[in-house]
Amino acid sequence: MRYQLLQRAMPVLLLPLAGCKVVGAPSFPIAGAYFPSWMLCGIVGIAVAVGLRVLFLATDIDALLSLRLFTYVSLGTITALLFWLLAFGP
């Protein structure tokens, strides 16, 4: 009785997995090891945020910012998401 109920409920329980691909996670090889794409996007976002901080300090724009931490985290996140969309998106 329980197994019949489980067999009937199985397609509904597995429905959230319908969007998964069999191909695997998006990854790329660096020196023979595979790294996930989100790691590269995060590194690019951090590098751009640090570069913009240096640029803003050099041009005195940093002194005008009231929420510096929020600004730089937002700039890094936007850059990482845009890089992911352009490099690995649909």
Side-chain angles (χ1 to χ4, degrees):
M1 181 93 157
R2 280 187 177 174
Y3 294 115
Q4 290 176 351
L5 180 63
L6 185 62
Q7 280 182 332
R8 290 183 185 163
M10 191 63 66
V12 176
L13 294 174
L14 296 177
L15 189 62
L17 297 177
C20 297
K21 293 183 180 179
V22 181
V23 185
S27 58
F28 52 94
I30 295 180
Y34 287 98
F35 289 92
S37 61
W38 62 265
M39 192 179 297
L40 176 65
C41 296
I43 291 170
V44 168
I46 290 170
V48 168
V50 169
L52 286 174
R53 167 117 169 111
V54 171
L55 179 70
F56 287 175
L57 282 172
T59 57
D60 290 331
I61 296 175
D62 188 66
L64 301 173
L65 298 175
S66 59
L67 300 171
R68 289 183 182 102
L69 178 63
F70 179 73
T71 302
Y72 293 121
V73 168
S74 298
L75 288 171
T77 303
I78 289 169
T79 304
L81 291 174
L82 281 175
F83 181 73
W84 174 81
L85 183 64
L86 293 174
F88 303 105

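This structure is a prediction, so every number in the text was calculated from the model and none was measured. Worth knowing before you read on, the calculation uses all heavy atoms, side chains too, and leaves out hydrogens, waters and symmetry mates.
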(message) Test of understanding: with side chain to side chain contact (heavy atoms under 4.5 Å, CB included), list the residues that count as partners of Thr77, not counting sequence neighbours.
(response) Val73, Leu81
Identify each donor-acceptor pair in which a side-chain atom of residues 46-53 lies under 3.5 Å from a protein atom, sequence neighbours left out, and give them as a table.
from  : atom 1 : to    : atom 2 : distance (Å)
Arg53 : NH1    : Asp62 : OD1    : 3.1
Arg53 : NH1    : Asp62 : OD2    : 3.2

(message) Quick test of your reading: applying salt bridge (charged side-chain N to carboxylate O under 4.0 Å, His left out), list the pairs with at least one residue in residues 29-46, sequence neighbours left out, ordered by first then second residue.
(response) none
(message) Through direct or indirect side-chain contacts below 4.5 angstrom among Ile, Leu, Val, Met, Phe, Trp and Tyr, which residues connect to Val54?
(response) none
(message) Going by salt bridge (charged side-chain N to carboxylate O under 4.0 Å, His left out), name the pairs with one or both residues in residues 73-90, residues two or more places apart or in two chains.
(response) none
(message) Quick test of your reading: applying salt bridge (charged side-chain N to carboxylate O under 4.0 Å, His left out), list the pairs with at least one residue in residues 71-81, sequence neighbours left out, ordered by first then second residue.
(response) none
(message) If I take atom OH from residue Tyr72 and atom CG from residue Leu65, how far apart are they, to the nearest 0.5 angstrom?
(response) 5.0 Å
(request) Starting from Ile78, walk the hydrophobic network (Ile, Leu, Val, Met, Phe, Trp, Tyr; side-chain heavy atoms closer than 4.5 Å) and list everyone else you reach, by chain and number. (result) Leu82
(request) Indicate the atoms forming the closest heavy-atom contact of Cys41 with Ala80, along with that distance. (result) O-CB, 3.2 Å
(request) Sequence neighbours left out, what pairs pass salt bridge (charged side-chain N to carboxylate O under 4.0 Å, His left out) with at least one residue falling in residues 34-44? (result) none
